[in-house]
**Student:** 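Pasting a structure below so you can have a look.
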Amino acid sequence: MTAIELENKFSAHNYAPLPVVLARGEGAYLWDVEGRRYIDMMSAYSAASHGHGHPRILAALTTQALRLAVPSRAYYNDRLGPFLKEICRVTELDAALPMNTGAEAVETAIKAARRWGYRVKGIPKDRAEIIVADGNFHGRTTTIIGFSSEPEYRDGFGPFAPGFPSVPFGDLGAVERAITPNTAAVMVEPIQGEAGIIVPPAGYLIGLRRICDANRVLLILDEVQSGLGRTGAWFAFQHEKIKPDGVILGKALGGGVLPVSAFVGRQELMDVFTPGSHGSTFGGNPLAATVGLEALRIIRDEGLVERSRELGTHMLGRLRAIQSPAVKEIRGRGLWVGAEIDPNFASARHVCERLLTKGVLSKETHHTVVRMAPPLIIGRDDLDLALDRFEEVVSELAKMPRPSVAA
Ligand SMILES: *Cc1c(COP(=O)(O)O)cnc(C)c1O
């Protein structure tokens, strides 16, 4: 059986992959089993922001793997402290709780916010509310999908946890109206990734900060995808010069090789955790901590934040200059762009399949948005090559007779 047949037979069908079988990666390149090379314009949803097989990440990984990998947090280890200290330095927050996947760090934030609500704010037992935004994506646990607005994420998986009122993203008035004496936190993505790289109106985070302060409500930002340089700042909240009470990190924190996540917050918030109140067998293991610390250092040493800002401006400029009726809108910030395709011309999936045949890997989000989020280490020439291919594909679409949306 071929690799595709094997996956199709033995894997649950919870993904619909593009028809390419990847076998190797280096930097911003991926190769398939036939040796064809592709430019990676996806970077594993930002998990591979450092590029594939970054030599410093691989060195840190292999050296630490030979020393000590997973002793559990029943004991202290010599790698976790330095890693969390650096996380606190870059986020300018006080303490962190290490986990593995993004969804686990989101769950950690929810637990922290609720307990803070009861123990510090004085919300009556089991009544705490966390306001979220329509179109959110915070992961796939049953609690998290319970407040998703995507029917396909929820269908068949209820009953869901109460306590997550949802308001339109970008609408400050709606947040204000949703606040009650039982509101513990507002939790949003600064830019909604899976929703289609939706950038809120300028001043949104500043407004959220003001509303939260006025009502003694925590502001928690999910920067699992937007953080660590993706938007041309270390964190998207820095574009509006605000300070959140808590930040959720993941994806790029693992340097492209391991799942490493963390919930980072102010002291008062992190102090709600007591021994036994939360944990993870793998969270904070020395191997993950070593890779995470190296991932943070590389971002600083290689100027990846500035790179993302400069190349991102270039990418947005080039995409916005494309004159094609098939492209309805270009949105984004830094090396993170969504191209909204007019479904009268083609589905975003079709565009991604065409890009694949031209050696560029991207992925649609929803049916109309092509996501472009290359590794932050991508060379300008490779970025330009990928953008040339995208321009070719959309200009071909505009020339073709309009197929029906279903085609
Ligand atoms: C990907 C993502 C998550 C979930 O991360 P996993 O590692 O897949 O659990 C949470 N929040 C945001 C904003 C994400 O993009």
Side-chain angles (χ1 to χ4, degrees), residues 12 14-15 17 42-50 91 97-113 130 132-150 153-154 157 164 166 169-170 185-200 204-205 208 219-231 233-237 244 246-264 280 282-284 288 291-292 295 331-338 363-366 369 371-373 376:
N14 57 328
Y15 279 89
M42 247 301 271
S43 49
Y45 305 91
S46 280
S49 279
H50 296 75
T91 55
L97 198 158
M99 296 295 279
N100 313 285
T101 65
E104 288 173 311
V106 172
E107 291 279 351
T108 305
I110 291 169
K111 286 172 83 170
I130 296 174
V132 298
D134 298 349
N136 68 72
F137 184 85
H138 297 288
R140 300 293 199 155
T141 66
T142 45
T143 295
I144 292 171
I145 59 164
F147 55 84
S148 167
S149 41
E150 263 316 292
Y153 296 171
R154 299 164 52 95
F157 300 130
F164 298 97
S166 188
F169 184 62
V186 172
M187 181 173 78
V188 296
E189 300 149 83
I191 291 175
Q192 288 188 331
E194 299 311 297
I197 330 291
I198 310 292
V199 183
Y204 182 56
L205 296 182
L208 288 180
L219 177 58
I220 295 177
L221 298 178
D222 182 345
E223 295 238 24
V224 168
Q225 201 165 155
S226 60
L228 303 178
R230 179 52 62 188
T231 70
W234 266 89
F235 303 100
F237 66 77
V247 178
I248 304 157
L249 302 180
K251 291 196 170 125
L253 195 56
V257 296
L258 288 177
V260 184
S261 70
F263 175 58
V264 200
S280 162
F282 287 92
V291 166
R331 301 181 289 264
R333 192 144 205 190
L335 276 174
W336 199 25
V337 169
K363 181 73 172 70
E364 79 276 8
T365 173
H366 294 278
V369 182
R371 166 205 315 259
M372 277 174 272
L376 307 185

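All ligand and atom numbering here is 1-based and tracks the order in the structure.
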**Student:** Does V186 have any side chain to side chain contact (heavy atoms under 4.5 Å, CB included) partners at least two apart in sequence or in another chain, and if so, which?
**Tutor:** I131, V175, V188, L208, C212, V217, L219
**Student:** Restricting to side chain to side chain donor-acceptor pair (under 3.5 Å), what partner residues turn up for S148, sequence neighbours left out?
**Tutor:**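 So S148 forms no side chain to side chain donor-acceptor pair (under 3.5 Å) with any residue.
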**Student:** Any chance you could measure I198, atom CD1, to D134, atom CG, to the nearest 0.5 Å?
**Tutor:**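 The distance works out to 12.0 Å.
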**Student:** Salt-bridged, E194 to R371, with N to O below 4.0 Å?
**Tutor:**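 Looking at E194 and R371, the cut-off is met.
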**Student:** Please identify each residue that fulfils salt bridge (charged side-chain N to carboxylate O under 4.0 Å, His left out) with R333, with sequence neighbours left out.
**Tutor:** none
**Student:** Would you mind listing each N/O atom of ligand 1 next to any protein N/O under 3.5 Å, plus the distance?
**Tutor:**
{"from": "ligand 1", "atom 1": "7 (O)", "to": "G102", "atom 2": "N", "distance (Å)": "2.8"}
{"from": "ligand 1", "atom 1": "9 (O)", "to": "G102", "atom 2": "N", "distance (Å)": "3.3"}
{"from": "ligand 1", "atom 1": "9 (O)", "to": "A103", "atom 2": "N", "distance (Å)": "2.8"}
{"from": "ligand 1", "atom 1": "11 (N)", "to": "F137", "atom 2": "O", "distance (Å)": "3.4"}
{"from": "ligand 1", "atom 1": "11 (N)", "to": "D222", "atom 2": "OD1", "distance (Å)": "3.3"}
{"from": "ligand 1", "atom 1": "11 (N)", "to": "D222", "atom 2": "OD2", "distance (Å)": "2.6"}
{"from": "ligand 1", "atom 1": "15 (O)", "to": "Q225", "atom 2": "NE2", "distance (Å)": "2.7"}
{"from": "ligand 1", "atom 1": "15 (O)", "to": "K251", "atom 2": "NZ", "distance (Å)": "2.6"}

**Student:** If you look at every heavy atom in F147 and H138, which pair is closest and at what distance?
**Tutor:**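 Result for this residue pair: CE1-CD2, 3.5 Å.
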